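Single-structure report; data block below.
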Amino acid sequence: MSELRPRLERALAAWLPWQRWSGGQGRLVDTVDVVEMTELVDRRPSGGPLGLLTVAEVRFADGGTGRYQVPIGVRRTLPDRLAPAVLAGFDGCVVYDATGDTELCELMLQLIGQNGRRAEIRFVPEPSSGFSGASRRGLTGRPVSAEQSNTSIVFGDRYILKLYRRLEDGVNPDLEAHRALRRSPHIAQLLGSIEGPGTTFGMLQSFAAGAAEGWQMALTSVRDLFATADVSPATAGADFAAEAHRLGGAVAAVHADLARELGSASVNASTLDLAVRLDSSIASVPALRPYASRIRTALQLAGPVAVQRIHGDLHLGQVLRTPKTWLVIDFEGEPAAPIADRVALQSPLRDVAGMLRSFDYAAQHQLRLFPGHLRDKAEEWTEHNRTAFCAGYAEVAGYDPAAQNRLLTAFELEKAVYEAVYETRNRPDWVDIPLRAVRRLVGDA
Ligand SMILES: Nc1ncnc2c1ncn2[C@@H]1O[C@H](COP(=O)(O)OP(=O)(O)O)[C@@H](O)[C@H]1O
Ligand SMILES: O=P(O)(O)O[C@H]1O[C@H](CO)[C@@H](O[C@H]2O[C@H](CO)[C@@H](O)[C@H](O)[C@H]2O)[C@H](O)[C@H]1O
């Protein structure tokens with residue numbers, strides 16, 4: 001194993017910066033130190049894979065650092081489907097990223113069901129979830145194909161295991177929020193976790209089979225409106241407003257539960273410091289510069305504001321519509337933000353603003369595909385659904401977020417600036433969507 005480590009470190013230095021979950025595609029790597037390697041397999045059947053839960057500490061050339069989970073498989077012969085995951089050759093074997101190896105992923109599921117332990121790593125079924133060794137028999141794992149900040153594996157359409165890639169100190173906020181929300185009808189049931197010393201490696205949940213993602217539903221609705229001449233959003237084939245209304249209610253209920261379980265407070269809005277990232281955002285996205293002083297003014301807030309734990313990165317891709325209700329997923333917050341910011345108490349209007357931005361994204365994204373005279377329709381769709389979402393939220397929360405216009409606009413602007421940076425780094429051809437929103441929110445469009 002001692003000879004595997006340097007080989008793996010060299011391979012990871014070239015491979016890891018190109019993985020979406022490492023944050024910032026293609027950053028140059030200075031050093032990789034593999035600091036932990038825990039054997040997953042107890043008694044390996046002959047010819048079976050060797051599995052290692054590996055932790056790599058990475059120092060990037062730009063001074064950034066990160067600690068990442070990379071489950072590693074080692075096999076003599078590799079099934080063809082694992083070819084894209086190959087990292088290195090070693091001692092006549094192939095070393096690869098094991099998140100696509102169904103055999104090794106199933107082993108993790110099995111270990112959770114058995115309340116297992118490997119060295120310092122504990123595989124824990126969630127108390128009173130009913131998940132046990134018997135629950136997982138005969139299920140095959142498949143990786144989720146969606147673009148992700150982490151890596152998830154679905155087992156037989158019943159369970160989903162998310163392996164956190166970037167490891168943080170303490171309990172992952174996603175796991176913490178799911179524990180706090182265990183009685184909520186608006187989350188996928190928490191079934192177990194993988195926990196190491198001082199960090200969370202993974203979370204197991206029930207899989208919402210056949211659920212539709214909010215983002216796809218919204219895109220379909222906009223497309224229907226664009227495809228039909230002379231109709232309003234309310235009369236187009238796939239009007240989304242009734243769903244947006246229910247979604248608003250679900251988000252308000254989740255906020256109420258988070259406040260009850262994890263606490264709330266009242267602070268002066270100036271302490272929220274919404275402009276803290278503005279200078280570095282402008283450095284990353286020079287197109288923001290002409291609006292800098294107006295953005296700064298809009299982000300200056302004062303007066304009392306209620307704060308609590310929130311989702312932190314709420315958008316239509318983070319909500320799933322099951323036949324019964326809306327589920328909110330992925331409570332990790334903004335993937336690149338420091339952990340202290342992600343668990344800090346925040347205004348719930350920040351989540352509301354995230355979702356309102358997402359309605360704009362859905363309409364503007366479709367507009368890029370159907371350009372031209374449809375701009376008015378896109379805006380009508382956005383307004384129609386924003387109104388419905390806020391009305392649904394108000395019914396459950398007892399206050400209308402839209403009535404707090406100054407605060408809501410500031411959070412939308414903060415989010416749009418964040419999105420401009422996110423898109424510049426990850427999807428440069430999308431950056432016009434948030435930039436247009438910034439212009440509108442500072443009164444320039
Ligand atoms: N409980 C679930 N049931 C069904 N699909 C899910 C569930 N949780 C996540 N997904 C799917 O997996 C994708 C990634 O999940 P997410 O929690 O957002 O991961 P990440 O933190 O890696 O972004 C989601 O977009 C969704 O399509
Ligand atoms: O889902 P993640 O936690 O990885 O969030 C990041 O990626 C999102 C894109 O996948 C990004 O969301 C932005 O694009 C969405 C459409 O793809 C849109 O619905 C959101 O409103 C918009 O913010 C998110 O900002 C980023 O943190």
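Note that ligands are numbered from 1 as they come in the structure, with each ligand's atoms numbered from 1 the same way. Everything numeric in this text was worked out from a predicted model, so none of it was measured.
- Remark: distances from the non-hydrogen atoms of Glu213 to ligand 2 are all 4.0 Å or more.
- Among the atoms of Ser149, some N or O lies under 3.5 angstrom from an N or O of ligand 2.
- For the residues Gln318, His315, Arg427, the heavy atom positioned nearest atom 13 (C) of ligand 2 is part of Arg427.
- Taking every heavy atom of Arg20 and a limit of under 4.0 angstrom, the matching atoms of ligand 2 come to 4 (O), 7 (O), 10 (O).
- Nearest-heavy-atom check against atom 23 (O) of ligand 2 across Glu423, Glu419, Gln364 picks out Glu419.
- Scanning Thr322, Leu204, Ile160 for the heavy atom closest to atom 10 (N) of ligand 1 points to Ile160.
- In this structure Tyr68 satisfies the ring pair (Phe, Tyr, Trp, His ring centres under 6.0 Å) test together with Trp21, sequence neighbours excluded.
- A side-chain hydrogen bond (donor to acceptor under 3.5 Å, both in side chains) with Lys162 is found for exactly one of Asn172, Thr151, Asp330, Thr200, namely Asp330.
- Every atom of ligand 2 with a heavy atom of Asp330 under 4.0 Å away is listed here by number and element: 3 (O).
- In terms of the ring pair (Phe, Tyr, Trp, His ring centres under 6.0 Å) criterion, Tyr96 has no residue partners (sequence neighbours excluded).
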Test His365 against Trp430 for ring pair (Phe, Tyr, Trp, His ring centres under 6.0 Å), laying out the working first. CA-CA 8 Å; His365 175 60; Trp430 290 55; 4.3 Å; yes
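- Atom numbering of ligand 2 starts at 1 in the shown order; those under 4.0 Å from a heavy atom of Ser358 are 18 (C), 19 (O), 20 (C), 21 (O).
- Nearest to atom 7 (O) of ligand 2 by heavy atom, out of Phe359, Tyr422, Tyr418, Trp21, is Tyr422.
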